[in-house]
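As a basis for the values below, the full set of heavy atoms in this structure was taken, side chains included, without hydrogen atoms, waters or symmetry mates.
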Amino acid sequence: MMSTTIAGFDYQRVPVAEGVTLNVAVGGSGSPVVLLHGFPQTHLMWRHVAADLAGEHTVICPDLRGYGASDKPAADTEDTYSKRTMAADVVAAARALGHERFALAGHDRGALVAVRAGLDHPDTVTHLASLDVLPTLDMWDVLHGASASVAFHLYLMAQPPGLPEKMIAGSADAFFGHFLDAWAGDPAAMPAQVRAEYLRPPGRRSTRSSPTTGRRPGSTWRTTGRTGTPGGGWPCRSPSSSRTGSPRSATTRRRCGGPGPRTWSTAPPRPGTSWPRRPPARSPRRCARC
C-alpha cells in the first residue's frame, strides 16, 4: 500500500508565527531547497521531485498555512492568508530548521508565495523558480468567455465572504476533487490514495478554523490584494469613493496606506461594471506591497 508521506523524509511541526505551526517534511543533505505546493494539493505533490533532489540537497516541503496538516488560523485580520504572510512563514520555517539562505521553488499558489518571498527577502532566497502561474492581474486579462471556465472558482471565491463557504461546504469533496481530476493530464499520475489524502478532512480543514473562512488561501483578490497589507488596511484596490457610477469611477486611484513603497494602483469597480479592469498604461501594474 502506498504511503501518503514522502519516503525517507522526517516530519516536524515547526512554529512560524504566534499560534501558527506548519507541517514540514525534511529530507536529504546539502544546500537547502524549499518546495511550495499549489491548490488544492499539499506538500505531497512534491513526493517524486523531493526524493530525487534529496540526493544532493536538503529538501524542505511545508504545507502552507491553511493547507494539509498545517495550522489554519481564523482570518481575524486582512493579512492572515496574504502571500506576504505565507512567505514570512516559509522563511521562518527554514530559519527554524537552521537555514538562513535557501533556493525556493513554488507551483501555482505556492509560486505566488515564492515570488513574494523573493521580493520581501532577497538576501534569504538565493534562487527562485515559479511554476505554472501567471501574475494575478495578467491572469484576469486573459480570462474571457468560455476559456474562463477553467478558473470558475476564482470568480466564486471573489464573491462576498459567506456565500462561497456555504456552497463549497455543501460538497467539498466534489469541489476540490474536480480540480484534482480536471488538472491531472494523466489520470495515472495521481494514485487513488494520494487523491484521498488531498481530500482528507482531518488535519486539512479542521473545525477549529477553516482555510475557507474569511480571506481564503484559495482566493485571488482577497489573498493578493486586500490581504497584502502588513498590519491590516486596504493596500491598493480600495473601493472607489465616487458615486457617479460612471466607468471612470471604477478606476479611481488612491495611495496605498501603511509602511513600504507607495505606488498608485486602481480600485475595483462598483457593482455592475466590468471587473477586473486593466489599469491605465501610466500606472504601475500592481502595488509593491501586495
Quick one: does Leu143's side chain get under 4.5 Å of Tyr155's, heavy atoms only? yes

In Å, rounded to the nearest 0.5 Å, how long is the span from CG of Leu134 to CE of Met139? 8.0 Å

Are Val26 and Val24 side-chain neighbours, meaning at least one heavy-atom pair lies under 4.5 Å? yes

Between the side chain of Tyr81 and the main-chain N/O of Arg65, is any donor-acceptor distance below 3.5 Å? no

For Glu165 and Pro161, indicate whether the former's side chain and the latter's backbone hold a donor-acceptor pair under 3.5 Å. no

Check for a donor-acceptor pair, side chain of Asp108 on one end and backbone N or O of Gly110 on the other, with a separation under 3.5 Å. no

Once you measure the plane-to-plane angle for Phe179 and Trp183, does it fall in the parallel (<30°), tilted (30-60°) or perpendicular (>60°) bin? tilted

Would you please test Thr4 and Leu44 for side chain to side chain contact (heavy atoms under 4.5 Å, CB included) and show each step? CA-CA 7 Å; Thr4 52; Leu44 195 60; 4.3 Å; yes

Would a distance-only check, ignoring hydrogens and angles, find a side-chain to backbone donor-acceptor pair under 3.5 Å from Thr124 to Arg101? no

Ignoring hydrogens, what is the shortest heavy-atom contact between Val90 and Val34? Give both atom names and the distance. CG1-CG1, 3.9 Å

Using ring-ring contact (aromatic ring centres under 6.0 Å, His included), reason through Phe102 and His121 one step at a time and then give a plain yes or no. CA-CA 11 Å; Phe102 54 86; His121 309 276; 8.8 Å; no

Can you list every salt bridge (charged side-chain N to carboxylate O under 4.0 Å, His left out) pair that touches residues 19-30, not counting sequence neighbours? none

Is a side-chain N or O of Asp132 found less than 3.5 angstrom from the main chain of His107, in a donor-acceptor match? no

Between Trp46 and Ala105, which heavy-atom pair has the shortest distance, and what is it? CZ2-O, 4.3 Å

Scanning both residues in full, the closest heavy-atom pair of Ala117 with Leu104 reads CB-CD2, 3.7 Å

Just so I know, are the side chains of Phe9 and Val59 near enough to count as touching, which here means a heavy-atom distance under 4.5 Å? yes

Give, for atom CD1 of Ile168 and atom CZ of Phe176, the distance between the pair rounded to the nearest 0.5 Å. 5.5 Å

Thr85, Thr80, Asp79 screened by side chain to side chain donor-acceptor pair (under 3.5 Å) with Ser82, the one that passes: Thr85

For Arg109 and Tyr67, run side chain to side chain contact (heavy atoms under 4.5 Å, CB included): C-alpha distance rounded to whole Å, both residues' side-chain angles, the deciding distance at 0.1 Å, then the answer. CA-CA 11 Å; Arg109 295 286 157 182; Tyr67 291 81; 4.2 Å; yes

Please round to the nearest 0.5 Å and tell me the distance separating atom CG of Leu112 and atom CE of Met86. 10.0 Å

Given the side-chain rings of Phe39 and His153, with only the six-membered ring counted for Trp, is the space between their centroids under 6.0 Å? yes

Rounded to the nearest 0.5 Å, what's the gap from CE on Met167 to CG on Leu156? Could you check? 5.5 Å

Spacing of CG belonging to Leu35 relative to SG belonging to Cys61, to within rounding of 0.5 Å: 4.5 Å

Residues, nucleotides or ligands: over 12 heavy atoms within 6.0 Å of His127 NE2: no

What residue pairs, at least two apart or across chains, pass salt bridge (charged side-chain N to carboxylate O under 4.0 Å, His left out) with a residue in residues 9-23? Arg13-Asp71

Hey, are the side chains of Leu22 and Asp89 touching, using non-hydrogen atoms and a 4.5 Å cut-off? yes

Distance alone, cut at 3.5 Å: any donor-acceptor contact between the side chains of His57 and Ser31? yes

Compare every heavy atom of Pro40 with every heavy atom of Tyr198, then report the nearest pair and how far apart it is. CB-O, 4.3 Å

Side-chain contact test, heavy atoms from C-beta onward, threshold under 4.5 Å: evaluate it for Leu119 versus Pro122 and give yes or no. no

Atom of Arg47, atom of Met190 and distance for their closest heavy-atom approach: NH2-CA, 4.5 Å

CG (Leu53) and CD1 (Ile60) are apart, to the nearest 0.5 Å, by 12.0 Å

Heavy-atom closest pair (His43 atom, Pro62 atom, distance to 0.1 Å) is CB-O, 3.6 Å

